[in-house]
2 protein chains.
Amino acid sequence: MTHQGPHACRAWRLLVELSLSQRASLPAVAAELDLSPAQCHVLHLLEPGRAVAMGELASALACDASNVTGLVDRLEARGLISRQPSASDRRVKVLTLTPRGARARALLVERLTSPPVAFGRLSAAEQRTLLELLARVLE
Amino acid sequence: MTHQGPHACRAWRLLVELSLSQRASLPAVAAELDLSPAQCHVLHLLEPGRAVAMGELASALACDASNVTGLVDRLEARGLISRQPSASDRRVKVLTLTPRGARARALLVERLTSPPVAFGRLSAAEQRTLLELLARVLE
DNA sequence: TATTGTTATACTCTATAACTATA
DNA sequence: TATAGTTATAGAGTATAACAATA
(Lines give C-alpha, C1' and ligand atoms only; values in the text may rest on other atoms or scores of the structure.)
Protein backbone atom coordinates (compact mmCIF):
# COMPACT_ATOMS: atom_id res chain seq x y z
CA MET A 1 0.00 0.00 0.00
CA THR A 2 1.85 3.07 -1.23
CA HIS A 3 1.04 6.56 -0.01
CA GLN A 4 0.26 8.71 -3.01
CA GLY A 5 -0.88 12.27 -3.15
CA PRO A 6 -4.64 12.73 -3.25
CA HIS A 7 -4.76 13.29 -7.01
CA ALA A 8 -2.43 10.53 -8.15
CA CYS A 9 -5.15 7.91 -8.04
CA ARG A 10 -7.61 9.89 -10.15
CA ALA A 11 -4.91 10.90 -12.61
CA TRP A 12 -3.88 7.29 -12.95
CA ARG A 13 -7.49 6.23 -13.43
CA LEU A 14 -7.73 8.65 -16.36
CA LEU A 15 -4.62 7.13 -17.86
CA VAL A 16 -6.07 3.64 -17.46
CA GLU A 17 -9.27 4.77 -19.21
CA LEU A 18 -7.08 6.06 -22.00
CA SER A 19 -5.28 2.75 -22.26
CA LEU A 20 -8.51 0.80 -22.49
CA SER A 21 -9.92 3.15 -25.12
CA GLN A 22 -6.64 2.79 -27.00
CA ARG A 23 -7.26 -0.95 -26.79
CA ALA A 24 -10.38 -0.29 -28.84
CA SER A 25 -8.75 2.13 -31.31
CA LEU A 26 -5.53 0.25 -32.06
CA PRO A 27 -7.34 -2.41 -34.15
CA ALA A 28 -8.61 0.32 -36.47
CA VAL A 29 -5.13 1.76 -36.99
CA ALA A 30 -3.80 -1.76 -37.42
CA ALA A 31 -6.43 -2.63 -40.02
CA GLU A 32 -5.54 0.48 -41.98
CA LEU A 33 -1.99 -0.88 -42.27
CA ASP A 34 -3.24 -4.45 -42.84
CA LEU A 35 -1.64 -5.56 -39.58
CA SER A 36 -2.95 -7.04 -36.34
CA PRO A 37 -2.66 -5.12 -33.06
CA ALA A 38 -0.01 -7.56 -31.82
CA GLN A 39 2.00 -7.10 -35.02
CA CYS A 40 1.80 -3.32 -34.52
CA HIS A 41 3.19 -3.74 -31.04
CA VAL A 42 6.13 -5.77 -32.37
CA LEU A 43 6.82 -3.22 -35.09
CA HIS A 44 6.69 -0.41 -32.56
CA LEU A 45 9.28 -2.18 -30.39
CA LEU A 46 11.68 -2.74 -33.28
CA GLU A 47 13.35 0.64 -33.70
CA PRO A 48 15.05 1.14 -37.05
CA GLY A 49 18.73 0.17 -37.02
CA ARG A 50 18.51 -1.69 -33.71
CA ALA A 51 18.81 -5.47 -33.52
CA VAL A 52 16.60 -7.26 -30.98
CA ALA A 53 16.77 -10.91 -29.92
CA MET A 54 13.53 -12.88 -29.97
CA GLY A 55 13.80 -13.44 -26.23
CA GLU A 56 14.04 -9.70 -25.61
CA LEU A 57 10.91 -9.25 -27.65
CA ALA A 58 9.09 -11.90 -25.59
CA SER A 59 10.06 -10.01 -22.41
CA ALA A 60 8.94 -6.66 -23.79
CA LEU A 61 5.62 -8.13 -24.93
CA ALA A 62 5.29 -10.05 -21.67
CA CYS A 63 4.32 -13.16 -23.59
CA ASP A 64 5.62 -16.69 -24.12
CA ALA A 65 8.56 -17.28 -26.47
CA SER A 66 6.50 -19.67 -28.58
CA ASN A 67 4.13 -16.86 -29.33
CA VAL A 68 6.95 -14.68 -30.62
CA THR A 69 7.89 -17.41 -33.10
CA GLY A 70 4.48 -17.18 -34.75
CA LEU A 71 4.38 -13.39 -34.74
CA VAL A 72 7.83 -13.22 -36.30
CA ASP A 73 6.92 -15.95 -38.84
CA ARG A 74 4.09 -13.81 -40.18
CA LEU A 75 5.99 -10.52 -40.16
CA GLU A 76 8.95 -12.17 -41.84
CA ALA A 77 6.69 -13.79 -44.46
CA ARG A 78 5.41 -10.33 -45.30
CA GLY A 79 8.92 -8.98 -45.70
CA LEU A 80 8.71 -6.55 -42.79
CA ILE A 81 11.41 -7.99 -40.53
CA SER A 82 14.48 -10.18 -40.92
CA ARG A 83 15.51 -13.05 -38.59
CA GLN A 84 19.20 -13.96 -38.47
CA PRO A 85 21.22 -16.19 -36.11
CA SER A 86 23.46 -14.10 -33.85
CA ALA A 87 27.16 -14.27 -34.66
CA SER A 88 28.20 -14.52 -31.00
CA ASP A 89 25.63 -17.13 -29.89
CA ARG A 90 24.03 -19.15 -32.62
CA ARG A 91 21.11 -20.15 -30.40
CA VAL A 92 19.97 -16.52 -30.45
CA LYS A 93 17.97 -15.16 -33.39
CA VAL A 94 18.31 -11.45 -34.03
CA LEU A 95 15.51 -9.38 -35.52
CA THR A 96 15.82 -6.21 -37.58
CA LEU A 97 13.40 -4.16 -39.62
CA THR A 98 13.68 -4.48 -43.39
CA PRO A 99 13.45 -1.20 -45.34
CA ARG A 100 9.83 -2.05 -46.03
CA GLY A 101 9.28 -2.78 -42.34
CA ALA A 102 10.84 0.55 -41.40
CA ARG A 103 8.43 2.33 -43.75
CA ALA A 104 5.48 0.44 -42.23
CA ARG A 105 6.67 1.33 -38.75
CA ALA A 106 7.03 5.01 -39.65
CA LEU A 107 3.47 5.04 -40.96
CA LEU A 108 2.27 3.30 -37.80
CA VAL A 109 4.01 5.78 -35.50
CA GLU A 110 2.59 8.65 -37.50
CA ARG A 111 -0.95 7.28 -37.17
CA LEU A 112 -0.57 6.51 -33.49
CA THR A 113 0.99 9.76 -32.42
CA SER A 114 -1.14 12.41 -34.05
CA PRO A 115 -2.59 13.97 -30.93
CA PRO A 116 -6.36 14.22 -30.49
CA VAL A 117 -7.83 17.63 -31.14
CA ALA A 118 -8.71 17.87 -27.43
CA PHE A 119 -5.10 18.95 -26.87
CA GLY A 120 -6.12 22.22 -28.44
CA ARG A 121 -8.08 22.96 -25.27
CA LEU A 122 -4.77 23.56 -23.52
CA SER A 123 -2.60 26.61 -24.02
CA ALA A 124 0.98 26.16 -25.21
CA ALA A 125 2.23 26.70 -21.67
CA GLU A 126 -0.22 24.13 -20.30
CA GLN A 127 0.81 21.62 -22.94
CA ARG A 128 4.42 22.10 -21.89
CA THR A 129 3.55 21.60 -18.22
CA LEU A 130 1.60 18.45 -19.05
CA LEU A 131 4.52 17.08 -21.02
CA GLU A 132 6.97 17.75 -18.20
CA LEU A 133 4.79 16.13 -15.55
CA LEU A 134 4.06 13.06 -17.70
CA ALA A 135 7.75 12.70 -18.52
CA ARG A 136 8.63 12.61 -14.82
CA VAL A 137 6.03 9.96 -14.09
CA LEU A 138 6.41 7.77 -17.17
CA GLU A 139 10.09 7.92 -18.09
CA MET B 1 -3.49 18.27 -40.24
CA THR B 2 -4.35 19.99 -36.97
CA HIS B 3 -2.24 22.75 -35.49
CA GLN B 4 -1.23 21.72 -32.00
CA GLY B 5 1.09 23.41 -29.57
CA PRO B 6 4.70 22.29 -29.77
CA HIS B 7 4.45 19.94 -26.78
CA ALA B 8 1.16 18.26 -27.58
CA CYS B 9 2.77 15.75 -29.90
CA ARG B 10 5.41 14.65 -27.43
CA ALA B 11 2.91 14.50 -24.58
CA TRP B 12 0.64 12.38 -26.73
CA ARG B 13 3.53 10.13 -27.68
CA LEU B 14 4.18 9.49 -24.00
CA LEU B 15 0.54 8.57 -23.55
CA VAL B 16 0.72 6.18 -26.50
CA GLU B 17 3.83 4.55 -25.01
CA LEU B 18 1.87 4.15 -21.82
CA SER B 19 -1.02 2.52 -23.65
CA LEU B 20 1.26 0.04 -25.36
CA SER B 21 3.02 -0.81 -22.12
CA GLN B 22 -0.42 -1.27 -20.54
CA ARG B 23 -1.09 -3.65 -23.41
CA ALA B 24 1.72 -5.75 -21.96
CA SER B 25 0.65 -5.40 -18.32
CA LEU B 26 -3.07 -6.03 -18.67
CA PRO B 27 -2.58 -9.76 -19.35
CA ALA B 28 -0.84 -10.11 -15.96
CA VAL B 29 -3.69 -8.41 -14.11
CA ALA B 30 -6.16 -10.49 -16.11
CA ALA B 31 -4.38 -13.75 -15.29
CA GLU B 32 -4.46 -12.86 -11.61
CA LEU B 33 -8.27 -12.76 -11.85
CA ASP B 34 -8.38 -15.81 -14.15
CA LEU B 35 -9.75 -13.67 -16.99
CA SER B 36 -8.54 -12.75 -20.47
CA PRO B 37 -7.70 -9.13 -21.36
CA ALA B 38 -10.79 -8.90 -23.55
CA GLN B 39 -12.99 -10.20 -20.74
CA CYS B 40 -11.48 -7.56 -18.43
CA HIS B 41 -12.40 -4.91 -20.96
CA VAL B 42 -16.00 -6.13 -21.06
CA LEU B 43 -16.23 -6.25 -17.27
CA HIS B 44 -14.81 -2.74 -17.04
CA LEU B 45 -17.47 -1.46 -19.43
CA LEU B 46 -20.33 -3.06 -17.50
CA GLU B 47 -20.84 -0.71 -14.56
CA PRO B 48 -22.77 -2.21 -11.66
CA GLY B 49 -26.50 -1.58 -11.86
CA ARG B 50 -26.42 -0.47 -15.48
CA ALA B 51 -27.91 -2.60 -18.28
CA VAL B 52 -26.05 -2.64 -21.61
CA ALA B 53 -27.25 -4.10 -24.90
CA MET B 54 -24.88 -6.42 -26.75
CA GLY B 55 -24.77 -4.02 -29.66
CA GLU B 56 -23.68 -1.18 -27.39
CA LEU B 57 -20.90 -3.39 -26.11
CA ALA B 58 -19.78 -4.16 -29.67
CA SER B 59 -19.59 -0.41 -30.38
CA ALA B 60 -17.66 0.33 -27.20
CA LEU B 61 -15.21 -2.49 -27.93
CA ALA B 62 -15.03 -1.48 -31.60
CA CYS B 63 -15.44 -5.09 -32.62
CA ASP B 64 -17.90 -7.20 -34.59
CA ALA B 65 -21.18 -8.28 -32.96
CA SER B 66 -20.36 -11.96 -33.57
CA ASN B 67 -17.34 -11.53 -31.37
CA VAL B 68 -19.43 -10.18 -28.51
CA THR B 69 -21.57 -13.32 -28.62
CA GLY B 70 -18.54 -15.47 -27.82
CA LEU B 71 -17.21 -13.12 -25.13
CA VAL B 72 -20.61 -13.00 -23.44
CA ASP B 73 -21.03 -16.80 -23.77
CA ARG B 74 -17.88 -17.36 -21.72
CA LEU B 75 -18.58 -14.67 -19.11
CA GLU B 76 -22.14 -15.92 -18.70
CA ALA B 77 -20.94 -19.53 -18.37
CA ARG B 78 -18.74 -18.38 -15.49
CA GLY B 79 -21.65 -16.66 -13.78
CA LEU B 80 -20.21 -13.15 -14.06
CA ILE B 81 -22.88 -11.55 -16.27
CA SER B 82 -26.51 -12.21 -17.14
CA ARG B 83 -28.06 -12.01 -20.64
CA GLN B 84 -31.80 -11.28 -20.86
CA PRO B 85 -34.06 -10.32 -23.79
CA SER B 86 -35.10 -6.69 -23.56
CA ALA B 87 -38.75 -6.14 -22.56
CA SER B 88 -39.23 -3.35 -25.09
CA ASP B 89 -37.54 -4.99 -28.10
CA ARG B 90 -37.11 -8.72 -27.91
CA ARG B 91 -34.39 -8.72 -30.56
CA VAL B 92 -32.13 -6.90 -28.09
CA LYS B 93 -30.29 -8.83 -25.37
CA VAL B 94 -29.47 -6.84 -22.26
CA LEU B 95 -26.40 -7.54 -20.14
CA THR B 96 -25.97 -6.91 -16.43
CA LEU B 97 -23.33 -7.88 -13.91
CA THR B 98 -24.25 -10.65 -11.49
CA PRO B 99 -23.26 -10.06 -7.85
CA ARG B 100 -20.25 -12.26 -8.50
CA GLY B 101 -19.44 -10.28 -11.63
CA ALA B 102 -19.67 -7.03 -9.68
CA ARG B 103 -17.17 -8.38 -7.14
CA ALA B 104 -14.81 -9.46 -9.93
CA ARG B 105 -15.13 -6.03 -11.54
CA ALA B 106 -14.39 -4.24 -8.26
CA LEU B 107 -11.24 -6.33 -7.83
CA LEU B 108 -10.23 -5.59 -11.42
CA VAL B 109 -10.68 -1.84 -11.01
CA GLU B 110 -8.70 -1.92 -7.78
CA ARG B 111 -5.81 -3.74 -9.48
CA LEU B 112 -5.88 -1.50 -12.55
CA THR B 113 -6.05 1.82 -10.78
CA SER B 114 -3.39 1.59 -8.12
CA PRO B 115 -0.98 4.23 -9.43
CA PRO B 116 2.66 3.35 -10.10
CA VAL B 117 5.12 4.49 -7.48
CA ALA B 118 6.58 6.93 -10.01
CA PHE B 119 3.72 9.27 -9.13
CA GLY B 120 5.53 9.84 -5.87
CA ARG B 121 8.11 11.82 -7.83
CA LEU B 122 5.53 14.60 -8.12
CA SER B 123 4.55 16.88 -5.28
CA ALA B 124 0.91 17.01 -4.25
CA ALA B 125 0.49 20.29 -6.14
CA GLU B 126 2.05 18.82 -9.26
CA GLN B 127 -0.19 15.78 -9.07
CA ARG B 128 -3.18 18.07 -8.88
CA THR B 129 -1.99 20.04 -11.91
CA LEU B 130 -1.41 16.84 -13.87
CA LEU B 131 -4.89 15.61 -13.02
CA GLU B 132 -6.50 18.87 -14.12
CA LEU B 133 -4.64 18.98 -17.44
CA LEU B 134 -5.36 15.31 -18.21
CA ALA B 135 -9.02 15.77 -17.35
CA ARG B 136 -9.30 18.64 -19.82
CA VAL B 137 -7.72 16.59 -22.60
CA LEU B 138 -9.28 13.20 -21.94
CA GLU B 139 -12.76 13.94 -20.65
C1' DT C 1 -37.48 -4.72 -45.36
C1' DA C 2 -34.30 -3.54 -41.76
C1' DT C 3 -32.12 -4.70 -37.38
C1' DT C 4 -30.29 -7.66 -33.44
C1' DG C 5 -28.05 -11.28 -32.32
C1' DT C 6 -26.33 -16.19 -33.48
C1' DT C 7 -23.92 -19.74 -36.13
C1' DA C 8 -20.35 -21.49 -39.33
C1' DT C 9 -15.86 -20.84 -40.79
C1' DA C 10 -11.19 -19.35 -40.98
C1' DC C 11 -7.26 -17.06 -39.24
C1' DT C 12 -4.53 -14.83 -35.53
C1' DC C 13 -3.10 -14.67 -30.71
C1' DT C 14 -1.75 -17.01 -26.70
C1' DA C 15 0.03 -20.57 -23.35
C1' DT C 16 1.88 -25.30 -22.10
C1' DA C 17 4.65 -29.10 -23.03
C1' DA C 18 7.91 -31.60 -25.68
C1' DC C 19 11.62 -31.03 -28.76
C1' DT C 20 16.24 -29.38 -31.31
C1' DA C 21 20.40 -27.00 -31.49
C1' DT C 22 23.81 -24.63 -29.18
C1' DA C 23 26.41 -23.27 -25.11
C1' DT D 1 23.08 -29.40 -17.79
C1' DA D 2 21.09 -25.00 -19.08
C1' DT D 3 19.33 -21.80 -22.56
C1' DA D 4 17.12 -19.91 -27.12
C1' DG D 5 14.05 -20.89 -30.11
C1' DT D 6 10.67 -24.17 -32.57
C1' DT D 7 6.81 -27.36 -33.04
C1' DA D 8 2.45 -29.52 -31.64
C1' DT D 9 -1.67 -28.74 -29.60
C1' DA D 10 -5.56 -26.47 -27.63
C1' DG D 11 -8.41 -22.62 -26.42
C1' DA D 12 -9.62 -17.66 -26.87
C1' DG D 13 -10.14 -13.49 -29.82
C1' DT D 14 -11.43 -11.65 -34.17
C1' DA D 15 -13.84 -10.84 -38.79
C1' DT D 16 -16.93 -12.20 -42.74
C1' DA D 17 -20.92 -14.24 -44.45
C1' DA D 18 -25.22 -16.61 -44.00
C1' DC D 19 -29.00 -17.15 -40.96
C1' DA D 20 -33.16 -16.67 -37.42
C1' DA D 21 -36.17 -13.90 -34.86
C1' DT D 22 -38.23 -9.68 -34.24
C1' DA D 23 -39.54 -5.01 -35.55
Side-chain angles (χ1 to χ4, degrees), chain A residues 20 22-45 51-78 80-96, chain B residues 20 22-45 51-78 80-96:
Chain A
L20 287 173
Q22 179 85 1
R23 196 185 145 74
S25 69
L26 181 57
V29 174
E32 195 185 343
L33 300 169
D34 198 23
L35 295 167
S36 70
Q39 289 171 338
C40 286
H41 199 175
V42 170
L43 236 49
H44 186 255
L45 290 169
V52 173
M54 298 191 58
E56 289 178 64
L57 203 50
S59 296
L61 295 168
C63 75
D64 192 84
S66 64
N67 187 21
V68 173
T69 298
L71 284 168
V72 167
D73 283 349
R74 288 180 284 272
L75 287 169
E76 190 185 30
R78 294 187 44 183
L80 299 176
I81 65 180
S82 121
R83 165 164 46 183
Q84 301 287 337
S86 161
S88 56
D89 181 343
R90 298 227 306 279
R91 292 174 304 180
V92 173
K93 304 287 179 66
V94 157
L95 307 174
T96 49
Chain B
L20 287 173
Q22 180 85 0
R23 199 187 142 71
S25 69
L26 182 57
V29 175
E32 194 185 344
L33 300 169
D34 199 22
L35 295 167
S36 71
Q39 290 171 337
C40 286
H41 199 174
V42 171
L43 236 48
H44 186 254
L45 290 169
V52 174
M54 297 192 58
E56 289 178 65
L57 202 51
S59 297
L61 295 168
C63 75
D64 191 83
S66 64
N67 187 20
V68 174
T69 298
L71 283 168
V72 167
D73 282 349
R74 288 180 283 273
L75 287 169
E76 191 185 28
R78 292 187 46 183
L80 299 176
I81 66 181
S82 118
R83 167 165 46 183
Q84 299 288 337
S86 159
S88 58
D89 181 343
R90 298 227 305 280
R91 292 174 304 180
V92 174
K93 305 287 179 64
V94 157
L95 307 174
T96 48

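These values consider heavy atoms only, across backbone and side chains, with no hydrogens, waters or symmetry-generated copies. Lettering of chains follows the sequences in order, A, B, ..., and the numbering in each one begins at 1.
Atom CG of Asp34(B) and atom P of dA15(C) are 14 Å apart (whole Å). Remark: P of dG13(D) and CG of Leu26(B) are 12 Å apart, rounded to the nearest angstrom. At whole-Å resolution of the value, CG in Leu61(B) and C1' in dG13(D) are 11 Å apart. Distance, Leu75(A) CG to dC13(C) P: 8 Å, rounded to whole Å. The distance between atom CD of Gln39(A) and atom C1' of dT14(C), rounded to the nearest whole Å, is 14 Å. Distance Arg74(A) CZ to dA10(C) C1': 13 Å, rounded to the nearest Å. Protein atom CG of Leu71(A) is 17 Å distant from nucleotide atom C1' of dA4(D), rounded to whole Å. Rounding to whole angstrom units, CG of residue Leu95(A) and C1' of dG5(D) are separated by 11 Å.
Side-chain contact between Leu35(B) and Arg78(B): present, with at least one pair of heavy atoms (C-beta onward) separated by less than 4.5 Å. Looking only at side-chain heavy atoms (C-beta outward), Leu20(A) and Leu45(B) stay at 4.5 Å or farther from each other.
With sequence neighbours left out, Ser59(B) forms a side chain to side chain donor-acceptor pair (under 3.5 Å) with no residue at all. Judged as a side chain to side chain donor-acceptor pair (under 3.5 Å), and not counting sequence neighbours, Ser25(A) has no contacts. Applying the side chain to side chain contact (heavy atoms under 4.5 Å, CB included) criterion to Pro27(A), with sequence neighbours excluded, gives Pro37(A). For Gln84(B), there are no side chain to side chain donor-acceptor pair (under 3.5 Å) partners, not counting sequence neighbours. Annotation: side chain to side chain donor-acceptor pair (under 3.5 Å) contacts of Glu32(A) (sequence neighbours excluded): Arg111(A).
Note on Thr69(A): a base of the nucleic acid sits closer than 4.0 angstrom, heavy atoms only.
Contact annotation: Arg78(B) side-chain N/O to dA12(D) OP1/OP2 distance is not under 4.0 Å.
Applying the salt bridge (charged side-chain N to carboxylate O under 4.0 Å, His left out) test to pairs two or more places apart or on separate chains, those with a residue in residues 84-95 of chain B are Asp89(B)-Arg91(B).
Checking dG13(D), dA4(D), dT12(C) against every side-chain atom of Val92(A), the shortest atom distance belongs to dA4(D).
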Base versus backbone protein contacts along nucleotides 15-23 of chain D [heavy-atom cut-off under 4.0 Å; B, S, -]: BB----BBS
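Scanning residues 52-59 of chain B for heavy-atom distances under 4.0 Å to DNA chain D yields an empty list.
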Can you list, pair by pair, the side-chain donor-acceptor contacts under 3.5 Å of residues 65-75 of chain A, counting residues two or more places apart and other chains?
from: Ser66(A); atom 1: OG; to: Asp64(A); atom 2: OD2; distance (Å): 2.7
from: Asp73(A); atom 1: OD1; to: Arg83(A); atom 2: NH1; distance (Å): 3.4
from: Asp73(A); atom 1: OD1; to: Arg83(A); atom 2: NH2; distance (Å): 2.6

